[in-house]
Each structure stands twice: as structure tokens, then as C-alpha cells.
Amino acid sequence: MLLIVSTTGEGQVPEPGRGFVQDLPRAGMKAVEFALLALGDSRYNRFCGGGEAVRAALLGAGAKEVLPMARGDRDPAAAWQGWLRDVTAHLGIRATVAAGPEADLPVTLTFVDRARLDDPAHGGTNPVWSVTLESETALDYRAGDLLLIAPGDGSPERCYSIGSAASADGRQLSLTVSLNTWIGDDGQEHHGATSGLLCRTWRKNERAAAWLRRHPSFNLPADPNRPIIMVAAGCGIAPFIGFLAEREARGSRGVSWLIFGNRHRRADFLHGPRLRAWLQAGVLARLDTAFSRDPDDGGHVQDRLVEQAAEVWEWLTTRDAILYACGRLSTLGRGLDDALIEIARSEGGLGPDATDALLVQWRADGRIRRDLFD
């Protein structure tokens with residue numbers, strides 16, 4: 001078994017690999033041999049942490065490592081070529097050496113504007129801003145692609161979902177950014193380096209280095225009329241604003257359903273006016289909300305999914321919809337899985353094994369697409 005494993009966040013396994021790692025303890029791997037190439041960024045504390053986690057899980061399940069784990073630092077090209085040479089030599093085969101993956105595209109961006117999306121007067125909200133940036137030249141991107149921004153020399157880039165459709169000239173893009181805030185040992189309020197740059201210190205016409213990264217598994221389907229269900233918690237709304245802008249531009253009507261959740265309807269219904277306008281115009285077929293700290297609500301997005309189980313099932317099965325989910329892994333991730341299991345059992349009449357098999361198949365087919373982070 002040959003594996004290439006990247007790393008996300010602070011040394012975590014990326015979303016598509018987490019189910020694989022969780023299932024390994026139940027798998028019989030004693031007859032399996034493997035070689036692994038881990039990709040990462042040595043500026044983070046847990047360099048290649050995703051690869052390390054997969055390697056440990058394989059060894060724990062009884063698999064045998066036949067080559068030392070190779071590591072690629074940021075640009076994977078050299079590590080990829082060296083790993084291929086070692087693997088082909090070990091297997092005694094000749095192989096055509098494929099090119100490395102597409103590199104991130106460097107761009108220089110100018111700060112245009114920011115607008116606060118939550119209401120600080122209400123209290124109990126996370127500060128969130130809509131940030132508009134501009135390039136000197138046209139940018140080739142789609143809503144849901146990623147923008148990496150470095151707050152300074154030597155600092156690791158932070159990754160943000162692009163929440164805009166490429167404009168007529170392709171120069172502007174928008175982000176939805178939560179300001180990372182904490183109280184330090186000195187008793188003072190501190191802010192994340194990159195979120196602080198975007199939400200507080202970056203001034204009009206100032207420039208900064210950034211990189212565009214393709215994210216094809218989290219773009220809209222090619223068919224503008226294929227139904228989609230978007231499930232967003234908090235800043236997980238970020239890519240879906242771009243999805244809807246793109247669908248509006250393409251004239252799509254009645255095939256997009258958004259389920260959005262946050263804390264307070266009056267204080268952090270992020271992009272609420274724009275979403276309501278899209279609903280009125282028919283760009284959104286349906287908009288359901290859940291505000292967990294409102295006394296007249298108290299729900300979460302997974303609760304709305306279960307409440308609308310029959311319609312969710314009909315969209316996913318009869319209407320061939322794709323379900324996208326974006327938000328925190330620690331909250332939305334587990335809740336989404338539980339909701340889909342309940343829907344498959346109640347509406348599809350499936351038993352536990354058949355339900356698990358269906359969800360695995362939907363993920364493999366791209367019917368369920370998740371962009372979860374912590």
C-alpha cells in the first residue's frame with residue numbers, strides 16, 4: 001500500500017482521511033506492507049502530523065512499514081521524486097515519473113475594505129468581518145477555492161475559503177474572517193496574526209503576499225441546475241456566499257438550499273440581509289436557520305436537517321443533490337454524521353450496516369462534501 005498524506009491545521013489528518021484512520025483498528029492489517037510520503041510545513045510545531053498519525057494507526061493495526069517515512073516540506077516536488085525512486089527500487093519496477101501536484105499560485109493583493117458582520121453591542125458574539133481584496137491582474141478562481149495569507153516573513157500562512165464569484169475582471173475576491181481573540185498570561189487581549197491583519201490592521205491600499213490554491217472537491221458542480229444543500233455553522237458560511245453569487249450570475253433558480261446556524265439571530269446572522277435577498281429573488285429555494293443561544297430557538301444545523309428529514313432525503317436521492325458542509329470539525333462534524341444516519345434510517349428504512357455503507361458511498365461519489373476545521 002502506497003500512501004501520500006498531507007497535514008491540516010495543527011498537525012491533523014485532513015478530512016478525507018479521518019474515517020480511514022478511525023477504521024484501521026478494526027481492520028486486519030498484518031498481511032499489509034506500506035510506504036508513506038508525508039507532506040507538511042516545518043514552520044508548524046507538528047511537522048507532517050497528518051502523516052505521522054496515519055503511520056501510527058497503520059503500525060498499530062499490524063501493518064509493516066517497508067521504507068522509512070519520507071517527508072516533504074511545503075513544496076512537495078523534491079520529496080515526491082525521491083520517494084518515487086525509493087518505492088520503484090523497492091518494488092523492482094520501472095515507472096514513468098509523474099509531475100508533482102500543482103503549486104499554489106502566488107499573488108499580490110491590495111486591501112480594499114472590510115465590514116463587520118456581527119453586532120458587538122449585543123454581546124456574546126465572535127467578531128467576524130467581511131473582507132474585500134483586489135489583485136492587479138485577473139485571478140482564475142472559483143468560489144470555495146482557498147486563499148493562503150502570510151502575516152509576515154517566516155510566519156506560516158493561514159488558509160481561508162474564497163466567498164465570492166470571480167467578478168467581470170476577475171480581480172476582486174471576498175473572505176469571511178473570524179478574529180481569533182484570547183486573553184494572554186499578561187491579562188491582555190491578543191489576536192491571531194493573520195486574522196488580526198485582515199480584521200484590524202490591514203489598511204486601504206496596503207499590499208500583502210498571498211497564494212491561491214485550487215479546491216476542486218469543494219467547488220460547485222458543473223451543472224448550474226444540479227440541486228445543492230449547503231450546511232453552514234458560523235464562519236462556515238464563507239464559501240457558500242460565493243456559491244450563491246456564482247449561481248446568481250449563472251441564472252440558477254430554485255435548486256439551492258441553505259441551512260445556517262450561529263449563536264444569535266439579531267447579533268450574528270452572518271450575511272443575513274444578502275441571504276434574505278437571494279431567497280426573495282429565488283436564487284435560494286430555501287433558507288433554514290438555527291440560533292443556539294436564542295431562547296425561542298436553541299437549535300443547531302443538524303437539528304434542522306433531522307426536522308426536515310423527508311425533504312433532505314428526497315433532495316439527496318430523487319433529486320440527485322450534493323450536500324456541502326462547512327464549519328468546525330469538533331461540533332458540526334459529529335453532529336452532521338449523526339443527523340445523516342438518523343435520516344437514512346428514518347426515511348430510507350435502512351439498518352445500521354446499510355446506513356454506514358450508504359454514507360461511505362455518498363462520500364466516495366462526492367454526494368457529501370465536507371470542509372471542516374478546528
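Just so it is clear, the structure is predicted and the values come from calculations on it, not from any experiment.
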Salt bridge (charged side-chain N to carboxylate O under 4.0 Å, His left out) between R367 and D365: does it pass, once the steps are laid out? CA-CA 5 Å; R367 182 67 58 85; D365 294 342; 5.8 Å; no
Rounded to the nearest 0.5 Å, what separates atom CZ in R370 from atom OH in Y324? 15.0 Å
W257 side chain reached by L323 side chain, heavy atoms, under 4.5 Å: no
Would you check if W83 and L2 make a side-chain contact, meaning some heavy-atom pair closer than 4.5 Å? yes
Can you list the steps and then say if E136 with R207 is a salt bridge (charged side-chain N to carboxylate O under 4.0 Å, His left out)? CA-CA 10 Å; E136 293 181 352; R207 296 181 179 183; 2.6 Å; yes
Flag side-chain contact, heavy atom, 4.5 Å: I237 against N262: no
Please find the pair of heavy atoms, one from P14 and one from T7, that lie closest to each other, and give the distance. CG-N, 4.2 Å
May I ask you to decide if L270's main-chain N or O and D268's side chain share a donor-acceptor pair within less than 3.5 Å? no
First locate atom CG of D371, then atom CZ of F218, and finally report the distance between them rounded to the nearest 0.5 Å. 5.0 Å
Quick one: closest heavy-atom pair of R304 and T289, and the distance? NE-O, 2.7 Å
Using the salt bridge (charged side-chain N to carboxylate O under 4.0 Å, His left out) rule, take R26 and D23 through it: C-alpha gap first, then chi angles, then the decisive distance, then the call. CA-CA 6 Å; R26 299 191 296 272; D23 288 342; 2.5 Å; yes
Does any N or O in the side chain of D294 come within less than 3.5 Å of the main-chain N or O of R265, such that one atom is a donor and the other an acceptor? yes
What one should report as the nearest heavy-atom pair of A150 and W211 is CB-CZ3, 3.9 Å
Looking at side-chain heavy atoms only, is the closest gap between D145 and L173 below 4.5 Å? no
Quick check: does any side chain N or O of R319 sit under 3.5 Å from a backbone N or O of E314, one acting as donor and the other as acceptor? no
Begin with the C-alpha distance, continue with both residues' side-chain angles, and end with the deciding distance and a verdict on side chain to side chain contact (heavy atoms under 4.5 Å, CB included) for V54 and F20. CA-CA 9 Å; V54 173; F20 171 73; 4.1 Å; yes
In the single-linkage hydrophobic clustering (I, L, V, M, F, W, Y; side-chain heavy atoms under 4.5 Å), do L287 and I259 co-cluster? no
Here the gap from R142 atom CZ to H215 atom NE2, rounded to the nearest 0.5 Å, amounts to 12.5 Å
Are W315 and Q308 side-chain neighbours, meaning at least one heavy-atom pair lies under 4.5 Å? no
Test log, rule salt bridge (charged side-chain N to carboxylate O under 4.0 Å, His left out), inputs R71 and E52: CA-CA 10 Å; R71 291 174 172 82; E52 293 281 8; 2.3 Å; yes
Counting only heavy atoms not in D185, do more than 12 fall under 6.0 Å of its CG? no
Assess whether atom CD of E342 is packed by more than 12 heavy atoms of other residues, nucleotides or ligands within 6.0 Å. no
Do T317 and E347 make a side-chain contact, defined as non-hydrogen atoms from C-beta onward lying under 4.5 Å apart? no
In short, L350 meets R345 closest at the heavy-atom pair O-CG, 3.3 Å
Any donor-acceptor pair under 3.5 Å linking the side-chain atoms of Q188 with those of H190? no
Point-to-point distance, once rounded to the nearest 0.5 Å, from OG of S164 to CG of L244: 12.5 Å
Can you check ring-ring contact (aromatic ring centres under 6.0 Å, His included) on F260 and F240, steps first, answer last? CA-CA 10 Å; F260 172 74; F240 300 140; 9.8 Å; no
Distance (rounded to the nearest 0.5 Å) between S195 OG and Y160 OH: 5.0 Å
If you measure from CG on L284 to CZ on R274, what distance do you get to the nearest 0.5 Å? 11.5 Å
For atom CD of Q280, decide whether the heavy atoms of other residues, nucleotides or ligands shown that lie under 6.0 angstrom number more than 12. no
Hydrophobic cluster identity match, L146 and F243, side-chain contacts under 4.5 Å: no
Main chain of P224, side chain of S252: is a donor-acceptor contact present, judged purely on distance under 3.5 Å? yes
Side-chain contact, heavy-atom cut-off 4.5 Å: I4 with L39? yes
Non-hydrogen side-chain atoms of M230 and S256 separated by less than 4.5 Å: yes
Atom CZ of residue position R43 - does it have more than 12 heavy atoms of other residues, nucleotides or ligands inside 6.0 Å? yes
